[in-house]
Each structure stands twice: as C-alpha cells, then as structure tokens.
Amino acid sequence: MTQLPENLPHYPLMDGPTPLQEMPRLREALLSEGQPCPHIFIKRDDLTGLAGGGNKTRKLEYLIGDALEKGADTVITAGAVQSNHARQTAAAAAKAGLQAHLILFETVGYDEPAYKSSGNLLLDRILGANIRLEPKGADARAVFEEVMNEIRDAGGTPYLIPVGGSNAVGSTAYAEVFLEIMSQAKTRGLNVDRIVHASGSLGTHAGLLAGRALAKSATRIHAVSVSKPDRASLLDELLEIANQTADRIGADPVGDEDVHVDFRHLGDGYGLPTTSMVSAVELVARTEGILLDPVYTGKGMAGLISSILNGEIPENETVVFLHTGGMPGLFAYPGAFN
Ligand SMILES: Cc1ncc(COP(=O)(O)O)c(C=O)c1O
C-alpha cells in the first residue's frame with residue numbers, strides 16, 4: 001500500500017482512521033426522484049474528535065508538528081468570524097500547550113445576531129483563544145504584521161498558519177486521507193470512482209490531488225466550490241499548493257486535467273445560505289441522522305445531489321462524499337433553517 005514519507009513533522013490530534021459509512025437511505029430518497037443513483041458513501045472527517053471535529057484537525061497535525069519543530073510557542077491564524085479552521089486551531093493549540101491568536105474578518109455579509117455570538121465564535125472563546133475582530137476591508141497583511149510584532153515584543157515565538165491551513169504542510173494531511181479512503185475501500189472490496197468534497201481555501205482539494213498522484217489512482221476528485229467563483233480564480237493557486245504537496249510527499253506532478261470543480265452551488269457568495277444548501281442539510285439529517293454545515297458541506301452535498309439528479313454521475317459509480325465537518329456553524333445560522 002502506498003504511504004507518505006515517515007519523517008514529516010507531525011503532532012497527533014486524533015485517533016486512527018475516521019469511519020467510511022454507506023448512505024443507503026439518502027440513496028433511496030434520491031432514487032424515489034426517478035433518477036438512477038450511484039452508491040454513496042460518506043467519509044466522516046467530521047468525527048476527527050477535536051472540539052467539534054473537521055478537516056482542519058488533520059491539517060493541524062502537520063502544521064502544529066511543524067510549529068513545534070520550529071520552536072514556536074504561539075500560533076496565529078485568520079478566517080471569517082465563523083471559521084471552523086480558527087476554532088480547530090484554538091483547540092489544537094490548547095492540546096499542544098501553545099497560545100492561539102485568531103484574526104477574524106467580518107467579510108461575510110450575513111446579518112443574524114447568532115452569527116456574531118454563537119457557533120464557532122462561542123467555541124473560540126471557550127477554548128481560550130486571543131480573538132481579534134477586524135472589519136471587512138481591513139489590511140490583512142498589516143494586521144498580521146502587527147500581531148506578530150506584539151507577540152515578539154512580549155517575548156513569544158509566533159508561527160503563522162495560513163487561512164484554512166492551506167499550504168503544502170497542511171495539505172499533506174489530505175494526501176493521507178486519500179490513501180486512508182483507498183485502504184478502507186480496499187478492505188471492503190469497493191472501487192471508489194469519485195470523491196466529492198466542498199472546497200474553500202483549496203488545501204483539502206490540493207492534498208487529495210497529491211494523494212491521488214502518489215497512489216497513481218484514477219479516482220476522480222470532484223470539488224464543489226463554496227468560495228471561488230470560477231476556474232480562473234483558483235487554478236494557479238490550487239496547482240501550486242497541490243504540486244508543492246506532491247513534491248513534499250514524493251508524488252508525480254498534478255496537472256490542469258486532474259482538476260474538476262463545480263461552481264454552480266456558491267449562490268450569492270461564501271458563507272451566504274442557499275435554498276439547495278438548506279434542502280441538502282435537511283435531507284441528509286432526515287435520512288441518515290448526519291449533520292452537515294451551512295457554509296461548506298451543505299453546499300458540497302447540494303452539488304452532489306444535483307449532479308446525481310441531473311444524471312451527471314453514472315449509476316454504476318461508487319461515490320465517497322468527504323464530510324469535512326463544520327457542524328458548529330449551524331448554530332450561527334438558525335434563521336436559515338426556519
Ligand atoms: C467544514 C469545512 N469543510 C470544508 C472546508 C474547505 O476546506 P479547504 O479550505 O481546505 O478548501 C473548510 C474550510 O474551512 C471547512 O471548515
């Protein structure tokens with residue numbers, strides 16, 4: 001079985017593989033719409049086990065490992081007010097005995113009181129992070145510099161984690177997840193034709209592509225964009241992270257032809273609810289008892305459902321939907337689910 005190099009810095013934040021589960025009642029519900037339906041499985045990376053779980057736990061195992069190796073005592077990261085990545089960074093830092101500084105930008109024009117008091121933001125506070133809220137349009141680079149200088153002036157050693165943990169260090173985790181899915185599928189006699197996932201800051205997508213290249217696999221990586229509006233807005237950055245990750249793990253390069261992204265489910269923008277997201281979240285909750293989230297996996301699942309109902313995915317395929325977490329975000333959007 002293909003494996004990642006063994007010498008990469010790594011700080012363990014979770015135990016063992018997450019479950020790969022079948023979704024028979026979701027499939028039945030889609031079949032009842034009169035369309036043929038592939039076999040659907042779900043990879044439960046919402047169950048990574050760290051303070052609400054999600055894909056960032058995986059990335060943070062490598063990022064915190066790197067920070068510790070570099071002698072840092074403080075991590076800084078940034079995101080939207082309801083960033084799952086920020087919440088997971090706060091939790092990972094707590095577990096590793098590091099300080100966490102979160103710079104949260106008010107970039108999402110979503111107006112519900114809970115958005116600025118509940119969900120991930122509430123958990124960030126409970127996890128003991130230093131939180132700095134910045135208005136839309138703030139100069140991110142200047143704010144980062146200021147926070148770094150404040151930490152250094154106080155005698156600390158900061159380590160900067162990019163938005164979403166999306167660089168070659170963090171994305172290595174999703175190369176690992178690609179291999180984990182392949183290994184779980186093999187044990188169960190499954191051939192995975194397609195992995196569908198929500199894509200934001202591109203690190204998950206880049207890592208999956210690098211893992212696929214390492215395994216020399218034909219499994220299609222099918223991303224649903226919840227942030228970037230079109231191919232031109234993401235291709236260069238995605239390939240850069242994917243190829244830096246591929247290089248880091250000794251995989252062949254990733255090319256333009258490996259990139260498949262559906263841009264039809266973004267709606268009015270990042271973090272703004274859509275009716276298809278609400279329907280997807282409710283359908284998966286009511287058929288499988290699994291909670292998705294309003295910003296990422298709800299839109300990702302809306303993409304998968306609509307591709308199935310439009311006949312874009314052959315019925316003889318086996319599809320894995322990668323649940324990347326985010327459930328705490330539901331509590332920031334109560335009005336969307338009325
Ligand atoms: C729940 C959830 N799913 C998916 C993503 C997207 O992952 P990436 O930023 O690596 O594209 C994120 C990113 O914050 C997330 O929080």
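On a predicted model such as this, the values are computed, not experimentally measured, just so you know. We're numbering straight along the sequence, starting at 1. Both ligands and their constituent atoms are indexed starting at 1 by order of listing.
When the side chains of ILVMFWY residues are joined at heavy-atom separations under 4.5 Å, either directly or via intervening members, Leu104 and Val147 end up in two distinct hydrophobic clusters.
Using a cutoff of 4.0 Å between basic side-chain nitrogens and carboxylate oxygens, Glu61 and Lys59 are not scored as salt-bridged. Taking a cutoff of 4.0 Å between a charged side-chain nitrogen and a carboxylate oxygen, Glu22 and Arg27 do not qualify as a salt bridge.
Residues with a heavy atom under 4.0 Å from ligand 1: Asn55, Lys56, Lys59, Asn84, Ser166, Ala198, Ser199, Gly200, Ser201, Leu202, Gly203, Thr204, Tyr296, Thr324, Gly325, Gly326.
Without hydrogens or angle criteria, Ser166 side chain to Pro162 main chain gives no donor-acceptor distance under 3.5 Å. With hydrogens and angles disregarded, no donor-acceptor distance shorter than 3.5 Å links the side chain of Arg44 to the backbone of Gln21.
Two residues are said to be in side-chain contact when any heavy atoms from C-beta on lie closer than 4.5 Å; Leu291 and Asp46 fail this criterion.
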